[in-house]
Amino acid sequence: MAAQLSNRSRYELFVAKSAPVKSGAPYFDVHESDVEAVADKPDDELMGYVHSAQLGSTVDGPGLRFVAFLTGCLMRCQYCHNPDTWHLQNGRPYSVDHTMKVIGRYAQALKLSRGGITLSGGEPVLQTRFTTRVLRRCKELGLHTCLDTCGRLGERLTDEQLMDVDLNLLDIKSGDPEIYQRVTRNPLQPTLDYARRLSQLGRPMWVRFVLVPGLTDGYDNVQRVADFCASLKGLERVEILRFHQLGKGKWEKLGIDYPLKGADPPSAELTERVRGQFRSRNLTVY
């Protein structure tokens, strides 16, 4: 079962005993342990940190998906609904071999449903060795693979490793660099560079854009994302993700200030306006 990786929902708060919030370190900060290099090891020894896993998801790629949510992320998105995935060690450790034994039990069912495996987070590319080994092993099983990423660390992946990703679920959180910095506390350019690289390699992708009233909904900001998407080869669709407040409780329980506590979900009118901007560039929009 997916529960053999974790018995938690993606929306359930989890704080490991070794997590920074327990040690007194500022939870919001990125810590050295979040970015430390991991030595290459055999698959029975190479460990990854997993927050939770879900079997049967229909919103994380095509068909029915087995989704593993890995921990560790350099982004600090204002609307993050899983801040408990920010820190690498705030997950349970599992070896590549153990992970593949769990996934392998469902390989045939995933194939029959025209689904597959999705690695999400957090930011799965932060755990580069674990992520790339799991993707390679999944391809050896004949499984369709998705990587849910913001592209921030895309330069860590070789062209060969990108061939093991059948579909990138790429988050482009803003088209304006200043707004992107405000939303994530990170630069926009690495994400654009990663998208361009996928385009040049002809790798399939779905772009996801989170619509937050008063933050990412500006006409010019949306148009920049739409114009950029229209230039990408291999882009199959754009998904407009409407902001919600499902993560608010986690921020409060972790003792970190939630910057969007007073924000409302986008109206139907605003959502349709934004979808229309993407459609005007001849893009398939969901």
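Keep in mind that this is a model prediction, so the values were computed, not measured.
With a 4.5 Å cut-off on side-chain heavy atoms, Lys248 and Lys261 count as touching. Taking 4.5 Å as the limit, every side-chain heavy atom of Ser57 sits out of range of all side-chain heavy atoms of Thr118. In this structure, the side chains of Ile117 and Leu141 stay at 4.5 Å or more apart for every pair of heavy atoms. No side-chain heavy atom of Gln127 sits less than 4.5 Å from a side-chain heavy atom of Arg133. Residues Arg281 and Asp227 meet the side-chain proximity criterion, which asks for heavy atoms closer than 4.5 Å. With contacts defined as side-chain heavy-atom distances shorter than 4.5 Å, the pair Ile240/Phe209 qualifies. Pro190 is not listed as a side-chain neighbour of Cys150, based on a closest heavy-atom distance of 4.5 Å or more.
No continuous path of ILVMFWY side-chain contacts below 4.5 Å connects Phe69 to Trp206, so the two sit in separate hydrophobic clusters.
Partner of Arg242 under the side chain to side chain contact (heavy atoms under 4.5 Å, CB included) criterion, out of Thr271, Val210, Val274: Thr271 alone. Of the listed residues (Arg136, Lys139, Arg137), just one forms a salt bridge (charged side-chain N to carboxylate O under 4.0 Å, His left out) with Asp164, and that residue is Arg136. Each of Leu74, Leu153, Leu88 was checked for a side chain to side chain contact (heavy atoms under 4.5 Å, CB included) with Val35, and the lone residue meeting it is Leu74. Screening Asn90, Thr85, Asp84, Asn82 for a side-chain hydrogen bond (donor to acceptor under 3.5 Å, both in side chains) involving His51 leaves a single residue, Asp84. Just one residue in the list Thr191, Asp148, Thr149 forms a side chain to side chain contact (heavy atoms under 4.5 Å, CB included) with Asp171, and that residue is Asp148.
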Side chain to side chain donor-acceptor pair (under 3.5 Å), that's the test. Do Arg65 and His144 meet it? Break it down for me.
CA-CA 9 Å; Arg65 314 296 299 182; His144 182 277; 3.1 Å; yes

Would Tyr94 and Lys101 count as a side chain to side chain contact (heavy atoms under 4.5 Å, CB included) here? Give the steps.
CA-CA 11 Å; Tyr94 299 97; Lys101 286 178 182 177; over 6 Å; no

Would you check, one step at a time, whether the test side chain to side chain contact (heavy atoms under 4.5 Å, CB included) holds for Glu272 with Arg275?
CA-CA 5 Å; Glu272 186 54 33; Arg275 286 175 176 156; 4.1 Å; yes

Which is it for Val96 and Phe130 under the side chain to side chain contact (heavy atoms under 4.5 Å, CB included) test, yes or no, and what are the steps along the way?
CA-CA 7 Å; Val96 172; Phe130 180 81; 3.6 Å; yes

So Asn221 and Ser174, side chain to side chain donor-acceptor pair (under 3.5 Å) or not? Walk me through it.
CA-CA 6 Å; Asn221 182 54; Ser174 169; 2.7 Å; yes

Before you tell me yes or no, could you show the steps for Gln277 and Arg273 under side chain to side chain donor-acceptor pair (under 3.5 Å), namely the whole-Å CA-CA distance, both residues' side-chain angles and the distance that decides it to 0.1 Å?
CA-CA 6 Å; Gln277 286 185 257; Arg273 189 216 83 197; 2.9 Å; yes

Could you go step by step and tell me if Arg152 and Met75 meet the side chain to side chain contact (heavy atoms under 4.5 Å, CB included) rule?
CA-CA 8 Å; Arg152 175 68 176 84; Met75 310 285 269; 4.3 Å; yes

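Within a 6.0 Å sphere centred on CD of Glu160, other residues, nucleotides and ligands contribute 12 heavy atoms or fewer. Crowding of Arg185 atom CZ: a count of heavy atoms from other residues, nucleotides or ligands under 6.0 Å not exceeding 12.
The line from OH of Tyr49 to CG of Leu126 is 12.0 Å long, rounded to the nearest 0.5 Å. Between Arg92 atom CZ and Ser52 atom OG the span is 10.5 Å, to the nearest 0.5 Å. Atom CD of Glu252 is separated from atom CG of Asp257 by 9.5 Å, given to the nearest 0.5 angstrom.
Ser199 and Met205 make their closest contact through N-CE, 3.8 Å (heavy atoms, listed as atom of the first residue, atom of the second, distance).
Between His87 and Tyr27, the ring-plane angle classifies as perpendicular under the 30° and 60° cut-offs. Under the 30°/60° scheme for interplanar angles, the aromatic rings of Phe28 and Trp86 are found to stand perpendicular.
Counting only distance, with no hydrogens or angles, the side chain of Ser231 and the backbone of Phe228 share a donor-acceptor pair below 3.5 Å.
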